[in-house]
Each structure stands twice: as structure tokens, then as C-alpha cells.
Amino acid sequence: MALCTGLQSFPSSSSTSNHIRPTKASNFHPICSLHYNSHSPFTEKHSVERYHRDQWLYKTQLENIENIASCSSPPPDSNSVRQNEIALQLPELKKLLQVLREKREREGCGGWKKCGPGNVFLVGTGPGDPELLTLKAVRVIQSADLLLYDRLVSNDVLDLVGPNARLLYVGKTAGYHSRTQEEIHELLLSFAEAGATVVRLKGGDPLVFGRGGEEMDFLQQQGIHVKVIPGITAASGIAAELGIPLTHRGVANSVRFLTGHSRKGGTDPLFVAENAADPDSTLVIYMGLSTFPSLALKLMHHGLPPNTPAVAIERGTTPQQRMVFAELKDLANKITTVELVSPTLMIIGNVVALSPLWSLSMNEASFMVQAK
């Protein structure tokens, strides 16, 4: 039993900001067609928006930008693509560093007067909806000199960046890292040492599966002041969107966040399933599309009831949101059937049945069975 739905929006009013998406309608309409507009709200590695924002980096103007941006997947040798992009960007990155140093000299830094390094802000941008940003995050985003942003920072969030700031894509996806983590560390350090106000934008919360702790530790060891501005992590933002309480008295007394990725890759990193199979807890799976079938089997093997309510949500809180509700034993097959893509979050637990959409999904499934 499952329900695949998309969220519809009211037309935006004249008073709505250009950067804020319209308020969603309170009534949800089932959509089970696979003919779905898959345009991503996020900054995918070959998106038109990304190349328009980052073209300042390249030595020559990018030609045929639409053809570059239309690539649906990286070429076979994705590592060479990353190296070529870095080679193109290095002259401009060095130029930007020089501009920042000259700016500090004009402000009296250098010689007998020494000025300290700039600050680095690790900013969480939430699951995609720009209205979920904190006021502090918006203020910092609008005042930054340089912003390094990840793949799951939404285009709507990047529209808030100040006109004089520079943007640099450092996103990662399976099989394609535009920058290694070590290169990101060095970029943050180099620009901070040049006196820039550097903002590291991360989807969700920077300290929840975002490597924010690694970057903070590296910079602090180099004497750079780091400020973390939390964001609404996907579990909280998406659960609230669907009316799912992550904890609920008498239903779930704890919540656990799991990652579907291991540090060194591999197909089965979910070794924690034995201890996670707790019917009194809520499980939230990040980055787990490829490993979820294995996890579901392990959870049921270790005692989680097969009929435990569950839901998978693609691109949560954005206008492109899609979801499928099902019992745990059926969810992996339903995800495959409706062809959900990354980023997709899974929530497993009896609290899922408290969502008003759960009963709608069950009624819809019953209707389809009767129609046969």
C-alpha cells in the first residue's frame, strides 16, 4: 500500500518576495504518474544556475552553456572532469585572493599594522525551502565576500546572496566530487587568511551529516575563528511538512538519525540495524536510497514489525517534493516503482501513521484495490 504525492502551491500574490516561494495549499492531491517534472531545486553539478553563478571563475567565457548544463550525468571519467574544472578555476581563484589582499592593504593592514584573518561561518540552509532559513543565516549570507556552497543548497537560497559576493561550488554527489574535502579545507583557510568573510553553505544543518565538524576542527587548529549557524535538518523540516511528530508520548520516546553511506563507500554500511530495530523509536535515514533495501531487511530480521509505517520523501519542503507512504516491508519496492531520486529521506516508525497523509494513502490504496 502506498501513495505517491506531490505538493501543489497557491499562485503567488503581488506582495510575495521574489526569493520566497508561495505558500502551499493545505489540501494534498494524490499524484501517481511517473511523468513528473524532475527539474531540481538544488544546485546540481551541471545545472544552468550553477554555471551562470560561477562563470566568474573561468579563464574564458563558457560557451554553449546550455549544452554543458543539460548533462544528466557525469562523463565516464568524472575525476578528469573535476580536475579540468579546477585547472580552469585556479587562475581566477588566485586573482580573487590577490584582490582580497589588496583590499586589506588599502584598509591599512600590512606593514606595521597587522589585521587578523577573516571569519568563517558554517551556515545551515535547511532542506530547501528558503522560508526555513534563520534570520542570522540570511544576514550572514547577504554580507559575505565569498560563499562556498554544496549541491543541496537550493537555488532559492542562493538568490539571497549579496550582489558583490563571489560564489564557488564545492558540491559532492555519488561518483563526482567537485572538490576533495582537503581542497575545501584549504580554500576556506586561504580566503580567511586573506581577510575575507567566508560563508560555507550546507544543506540542512552543518553539524548533521554535513562534515561541518571536520571543517570547524581544521580551521580552529589553524587559528581561524569559526561560527556555526544551525539550520533546520531535513528530518525536522520534512517531518513537520508532513505532520509527522518525530517523538510522541506513548508512540515514540526517541528518534535516531542514520546515514546510508559509509565513510569509504561500500554497499552495506548499515551495521547499526540490530540496535536500531526498536518499535518505540523513530528512525530517519539520510542518503540511503541505494542501501535502503538492505537496511529494511535487516531491521525486520532484528525484530522491527514488517507492517511498521514508513515514508520516503524526495526533495522535501520544495515545490518539487514527492513522497511515497508504505509499510516497511513494501517501501523499497514502492521507491523503485515511482523512481524517487536523491535527495530522498526515509522516516520509519509508528509516528508516521499520525500524519494525516497516512490515512489518505491507505484509503487511496484501498480504492485502487477495489477498482481492480
Side-chain angles (χ1 to χ4, degrees), residues 1-7 24 26-32 127 233-260 270 272-317 321-341 343-370:
M1 295 184 290
L3 173 67
C4 175
T5 69
L7 299 185
K24 289 183 288 295
S26 58
N27 55 325
F28 296 83
H29 301 284
I31 300 174
C32 289
T233 190
S236 296
I238 293 172
E241 185 85 6
L242 305 187
I244 298 173
L246 292 176
T247 62
H248 190 85
R249 187 167 58 176
V251 180
N253 55 26
S254 65
V255 59
R256 186 167 187 174
F257 298 166
L258 303 178
T259 173
L270 299 162
V272 297
E274 180 176 357
N275 296 324
D278 179 5
D280 295 324
S281 182
T282 303
L283 298 180
V284 183
I285 316 300
Y286 290 70
M287 303 170 288
L289 269 181
S290 62
T291 55
F292 182 73
S294 172
L295 172 66
L297 289 174
K298 280 191 171 187
L299 289 173
M300 290 185 288
H301 174 73
H302 290 294
L304 200 61
N307 64 346
T308 300
V311 60
I313 313 98
E314 171 195 308
R315 298 166 179 168
T317 78
Q321 174 172 297
R322 292 196 301 159
M323 71 200 96
V324 58
F325 286 83
E327 294 177 346
L328 177 60
K329 61 182 173 59
D330 300 320
L331 186 59
N333 288 335
K334 297 302 181 182
I335 290 172
T336 301
T337 299
V338 301
E339 299 179 344
L340 296 187
V341 299
T344 291
L345 188 85
M346 276 75 76
I347 304 176
I348 304 167
N350 292 320
V351 291
V352 174
L354 299 178
S355 168
L357 297 177
W358 175 258
S359 58
L360 178 62
S361 70
M362 297 301 100
N363 291 338
E364 177 70 13
S366 299
F367 174 78
M368 289 189 292
V369 170
Q370 293 172 4

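Numbering starts at 1 and runs along the sequence shown.
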Start with the C-alpha distance between Leu357 and Met323, add both sets of side-chain angles, then the distance that settles side chain to side chain contact (heavy atoms under 4.5 Å, CB included), and finish with yes or no.
-> CA-CA 10 Å; Leu357 297 177; Met323 71 200 96; 3.8 Å; yes

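- A side-chain contact (heavy atoms from CB on, under 4.5 Å) with Leu345 holds for exactly one of Val311, Ile285, Val284; it is Val284.
- Across all non-hydrogen atoms, the minimal contact from Ser254 to Thr247 is C-CG2, 4.0 Å.
- The backbone N or O of Val338 sits less than 3.5 Å from a side-chain atom of Arg322, completing a donor-acceptor pair.
- Panel note: side chain Thr336, backbone Ala332; a donor-acceptor pair is recorded below 3.5 Å.
- In this structure, CE on Met346 lies 6.5 Å from OG1 on Thr291, to the nearest 0.5 angstrom.
- The two residues Asn350 and Pro279 come nearest to each other via the heavy atoms ND2-O, 3.4 Å.
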Step-by-step side chain to side chain contact (heavy atoms under 4.5 Å, CB included) determination, Arg315 to Val341 | CA-CA 8 Å; Arg315 298 166 179 168; Val341 299; 3.7 Å; yes

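- When each of Ile244, Asn253, Ile348, Leu246 is checked for a side-chain contact (heavy atoms from CB on, under 4.5 Å) with Thr282, only Leu246 meets the rule.
- Taken to the nearest 0.5 Å, the CG atom of Leu242 stands 12.5 Å off from the CG atom of Leu354.
- Residues Ser355 and Phe325 come closest through the heavy atom pair OG-CZ, 4.2 Å.
- For Gly237 against Pro127, the heavy-atom pair with the smallest separation is CA-CG, 4.3 Å.
- Closest of all the heavy-atom pairs between Leu340 and Leu289 is O-CD1, 3.9 Å.
- Of the inter-residue distances, the one linking Ile347 atom CD1 with Ile238 atom CD1 reads 7.0 Å to the nearest 0.5 angstrom.
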Would Leu295 and Leu283 count as a side chain to side chain contact (heavy atoms under 4.5 Å, CB included) if you check the C-alpha gap in whole Å, the side-chain angles of each, and the deciding distance to 0.1 Å?
-> CA-CA 11 Å; Leu295 172 66; Leu283 298 180; over 6 Å; no

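- Lys334 and Ala326 make their closest contact through CG-CB, 4.0 Å (heavy atoms, listed as atom of the first residue, atom of the second, distance).
- Distance check: His302 NE2 to Leu297 CG gives 11.0 Å after rounding to the nearest 0.5 Å.
- Checked by atom type and distance alone, the side chain of Tyr286 pairs as donor or acceptor with a backbone atom of Ala235 at under 3.5 Å.
- Here the side chains of Thr233 and Phe257 are in contact, with some heavy-atom distance below 4.5 Å.
- No more than 12 heavy atoms of other residues, nucleotides or ligands shown are found within 6.0 angstrom of NE2 on His301.
- For the atom pair OG1 of Thr259 and CE of Met287, the computed distance is 3.5 Å after rounding to the nearest 0.5 Å.
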